[in-house]
Amino acid sequence: MRSVTGRLSLLGNGIVAGKFSKYSVVKIGDIVLNNIHIAESLDSFLNVHAQGDTTIYWNGNWLSGRQIRAIRTPSGDLYYLKRSILFVTFFVVFSILTIPILGFGLLLLPALLADFNYCLAATEFKAQGGIPIPL
């Protein structure tokens, strides 16, 4: 899980697709992230007009792209996506079992391992007093 802290100064053009928004660019501090996804329920906590530093926590891979998974607002509140570890574990096992079938599981495995890694990080967010936001 990667994090970036700084003043959130730019949210580029956003496209809503299902339960996610995709921003063409997000500028936070001196860092510019291109083509980044965020769950619609978490998107409400991105505020370019807030005074102070925002921290975004993100991960991703070639299949699922970059995804913002948690946000610490300038007021100090931490919001993170609530994901079921049982759901992700089931699909990791399913992906491994489908590797012999034309290597299908190899396509899904990187995205699922990123989700599994996020589930582990979500327990840390919970321990820090984070507020879970359903997808």
Side-chain angles (χ1 to χ4, degrees):
M1 183 73 47
R2 299 174 187 168
S3 67
V4 178
T5 301
R7 185 176 180 292
L8 183 65
S9 58
L10 176 67
L11 292 175
N13 296 329
I15 299 170
V16 177
K19 293 184 177 186
F20 287 88
S21 296
K22 178 182 177 184
Y23 286 107
S24 59
V25 66
V26 172
K27 183 176 181 193
I28 183 164
D30 294 333
I31 306 295
V32 176
L33 300 170
N34 296 329
N35 299 325
I36 192 158
H37 297 83
I38 184 168
E40 206 172 71
S41 55
L42 198 58
D43 191 15
S44 302
F45 299 103
L46 285 177
N47 184 356
V48 295
H49 302 293
Q51 298 297 318
D53 287 346
T54 299
T55 302
I56 59 172
Y57 300 88
W58 62 278
N59 70 356
N61 58 62
W62 65 271
L63 184 60
S64 61
R66 295 179 183 153
Q67 295 181 1
I68 296 175
R69 304 293 188 130
I71 299 170
R72 184 176 300 275
T73 63
S75 64
D77 295 329
L78 176 63
Y79 301 96
Y80 67 95
L81 282 179
K82 183 178 177 182
R83 293 295 304 244
S84 168
I85 195 158
L86 291 175
F87 176 78
V88 174
T89 303
F90 171 77
F91 278 103
V92 167
V93 170
F94 175 77
S95 177
I96 291 170
L97 293 175
T98 59
I99 289 173
I101 304 171
L102 301 174
F104 180 69
L106 290 175
L107 294 175
L108 297 177
L109 201 55
L112 293 171
L113 290 176
D115 274 353
F116 189 76
N117 181 35
Y118 171 69
C119 286
L120 297 177
T123 59
E124 294 177 25
F125 296 144
K126 184 177 181 178
Q128 294 174 20
I131 302 165
I133 304 295
L135 182 63

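Note that the numbering runs from 1 along the sequence shown for the chain.
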| field | NZ or CZ of R69 within 45° of Y118 ring axis and under 6.0 Å | value | yes
| field | Spacing of F45 atom CZ and D77 atom CG [to the nearest 0.5 Å] | value | 8.5 Å
Find out whether [X] and [Y] are in side-chain contact, i.e. whether some heavy atom of one side chain is under 4.5 Å from a heavy atom of the other.
X   : Y    : answer
Y80 : I131 : no
L78 : T55  : no
V16 : D43  : no
T5  : T54  : no
L8  : L46  : yes
Y79 : L42  : yes
T73 : N47  : no

| Do you know the tightest heavy-atom contact between A121 and M1? | CB-CE, 4.0 Å
| request: Would you name the heavy atoms of A39 and L135 that are closest together and state the gap between them? | output: CB-CD1, 3.6 Å
| message | For Y23 and N34, which I'm curious about, is there any donor-acceptor pair between the side chains at under 3.5 Å? | response | no
| query | Without hydrogens or angle criteria, can the side chains of R66 and N35 be said to hold a donor-acceptor pair below 3.5 Å? | reply | no
Looking at [Y], is its backbone amide N or carbonyl O close enough to the side chain of [X] to form a donor-acceptor pair, meaning the two atoms are under 3.5 Å apart?
X   : Y    : value
S95 : G105 : yes
S41 : P134 : yes
S24 : N13  : yes

| said: Can you confirm whether or not the ring centre of F125 sits under 6.0 Å from the ring centre of Y57? | reply: yes
| Residue pair I36, K22: steps toward the side chain to side chain contact (heavy atoms under 4.5 Å, CB included) verdict | CA-CA 6 Å; I36 192 158; K22 178 182 177 184; over 6 Å; no
| field | Parallel, tilted or perpendicular, as decided by the 30° and 60° cut-offs, for the rings of F94 and F91 | value | perpendicular
